[in-house]
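All remarks here apply to the structure that follows.
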Protein chains: 2
Amino acid sequence: MELVWDLPEPAGRSGGPTLSRERIVRAALEIADADGTAAVTMRRVATALGSSTPMSLYRYVGGKDGIHDLMLDAVYAEIDLPAEPSGDWRADLTLLARNGRRALRRHRWFAALSHHRPTFGPNALRHNEWALRALDGHGLDPATAMSIVGMVFGYAVSYAQGEAEESRMRDSIGVRTDAELRDSAREYVDRIVADPRYPLLSRWITEAAPVDPDAQFALGLDCLLDGIAGRVLADAG
Amino acid sequence: MELVWDLPEPAGRSGGPTLSRERIVRAALEIADADGTAAVTMRRVATALGSSTPMSLYRYVGGKDGIHDLMLDAVYAEIDLPAEPSGDWRADLTLLARNGRRALRRHRWFAALSHHRPTFGPNALRHNEWALRALDGHGLDPATAMSIVGMVFGYAVSYAQGEAEESRMRDSIGVRTDAELRDSAREYVDRIVADPRYPLLSRWITEAAPVDPDAQFALGLDCLLDGIAGRVLADAG
DNA sequence: AAGCCATCGTGTACGTTGTACACGCCATGT
DNA sequence: ACATGGCGTGTACAACGTACACGATGGCTT
């Protein structure tokens, strides 16, 4: 497994808008946000940067996987967190999850990419260090603390991924309202509703009361933190 | 978005081991389990089935995405659940999560694939219907029930994905013991441990006490269910 | 029992992808 | 001013997904 973080970053030429890792990853982010990860090809990134050949990029990022690593780490960089946790672990982890979700909503491809590559970038490390710091001082052994961090961030990723899938379905058809979405998906959905084996799923589909996604996210997060507070951090408040 | 479930399944010729969706997806599963999703190419699946050309498959699965859909649904089919939930929602969701994780450990590519395609297969539907049934009768509105199901299964997927990543790293180098793993990753890891910005991460790396993954999984799940019990299902037991 | 036809398996071919390799060119240090 | 190390480039190739048109072969009709 070859990681970008092992390669030295080339210097770039002085004068003029030459290449750099930052310019490359910025272009890749724009393409992925607009057209999905599949659209992030070496050639397209290169031409977006005014380079006539994909090979220019290889000096900077080593290959396609390198671009992916940098993209993932750029998302971690967008999760803004105060310099130091507040000392209230619950408030801190809530902030982490909320801002994490916000960043992941901007970059709907995050979950899919993150499962192809390990995340060892500097911003991911900083992110995890901050989270561990929020939990420090309660006598948890490191493995347990890390496990809690994983659960909370995993929840944020999972939730954001659900939202991303729905939103991607939505604008893959070019619809706006819920009614239009249901209309275009009628061919699949009708079969499910008509099938007597799925009464509760059908009820969920047909009775879909409009939910506030922010409130739902917060509720789920509170459930998770309640459980952690009661079962793992009971004696530490 | 073109789904496999819309295409009629061809009949196959009588006599002799001809093609079928089941044979195709079985071959794809074997390849993916052994060599990862990237190794699941049309040509390789075709030759694994004795077919001399990849084009044979198109009649059965419509294209690559169709194979992916079928693979995902096959994993759902492997999550064995009793015909009916027991009536104890907590025990039922625990069973769902535990057996889900077990299936996902056999197929480490599940999470990565599932984020590329929506899951509308019959086994996924059956799975979700069962989960909703486990929560039925407590007066939850459908959206909340679905959200709980998503949280619980999302936790299982997320946890299994973490395990999968570690295990994949492990056998991408061909190591067996934890010590060997740490040795081969020393180049990256040493830089992290040496960096003064990551004291708690370093502590986690160096002090990694051997944890029981089953216990850790169960603990996290219990946290989640505790919170759900207290905050959403408080009055229903 | 014989023939028709829908349907399945196949071969060929094309556009696109990631990337190995070798070559010019420029900025920089002496 | 000159040499040099590093950067941008062009060419090329293997492998991928899949469109299309063609033979073969089974099952149904008569």
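Order of the sequence lines fixes the chain letters, A, B, ..., with proteins taken first and strands second; residue numbering starts at 1 for each chain.
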Next item on the list: Please report, rounded to the nearest Å, how far the P atom of D/dT11 is from the OH atom of A/Tyr58.
Entry: 18 Å
Checklist line | A/Asp214 vs A/Arg101, salt bridge (Lys or Arg N to Asp or Glu O under 4.0 Å): CA-CA, chis, key distance, verdict | finding: CA-CA 10 Å; A/Asp214 293 357; A/Arg101 168 170 171 249; 3.0 Å; yes
Checklist line | Ring centers of B/His116, A/His115 separated by less than 6.0 Å | finding: no
Next item on the list: Take atom CZ of A/Arg23 and atom P of D/dG8, then tell me their distance rounded to the nearest Å.
Entry: 10 Å
Margin query: If you take the centroid of each ring, where Trp contributes its six-membered ring, are A/Phe217 and A/Tyr155 closer together than 6.0 Å?
Written below: yes
Next item on the list: For A/Met55 and C/dA22, give me the distance from atom CE to atom P, rounded to whole Å.
Entry: 12 Å
Check: When all nucleic acid strands are considered with a 4.0 Å heavy-atom cut-off, which category describes A/Ser52: base, sugar-phosphate, or nothing?
Finding: sugar-phosphate
Item checked: Ion pair check, B/Arg108 and B/Asp33, cut-off under 4.0 Å -> no
Checklist line | Integer-rounded Å distance: C/dG9 C1' and B/Ile24 CD1 | finding: 12 Å
Note to self: Whole angstroms only, please: what is the CG-P distance between B/Leu57 and D/dC16?
What the structure shows: 13 Å
Note to self: Just the rounded figure in Å: distance from P of D/dG8 to CZ of A/Arg21.
What the structure shows: 13 Å
Check: When the nearest nucleotide of DNA chain D is assigned to A/Arg43 and to B/Lys64 on a heavy-atom basis, which residue is associated with the more 5' position?
Finding: A/Arg43
Check: Counting only side-chain N and O atoms of A/Thr41, is one of them less than 4.0 Å from OP1 or OP2 of C/dT16?
Finding: no
Item checked: Value in whole Å for how far the P atom of D/dG26 lies from CG of B/Leu19 -> 15 Å
Check: When only distance counts, do a donor and an acceptor, one from the side chain of B/Arg59 and one from the base of C/dG9, lie under 3.5 Å apart?
Finding: yes
Next item on the list: Would you tell me if any nitrogen or oxygen in the side chain of B/Ser56 comes within less than 4.0 Å of OP1 or OP2 on C/dT10?
Entry: yes
Margin query: For D/dT9 and A/Ser51 - does any side-chain N or O of the residue sit under 4.0 Å from the phosphate oxygens OP1/OP2?
Written below: yes
Margin query: Taking B/Glu129 first and then A/Arg197, would you say they form a salt bridge - that is, a charged N and a carboxylate O separated by under 4.0 Å?
Written below: no
Check: What is the distance from CE of A/Met42 to P of D/dT9, rounded to the nearest Å?
Finding: 16 Å
Note to self: If the cut-off is 4.0 Å, is A/Tyr60 near the phosphate of D/dC7, judged by side-chain N/O to OP1 or OP2?
What the structure shows: no
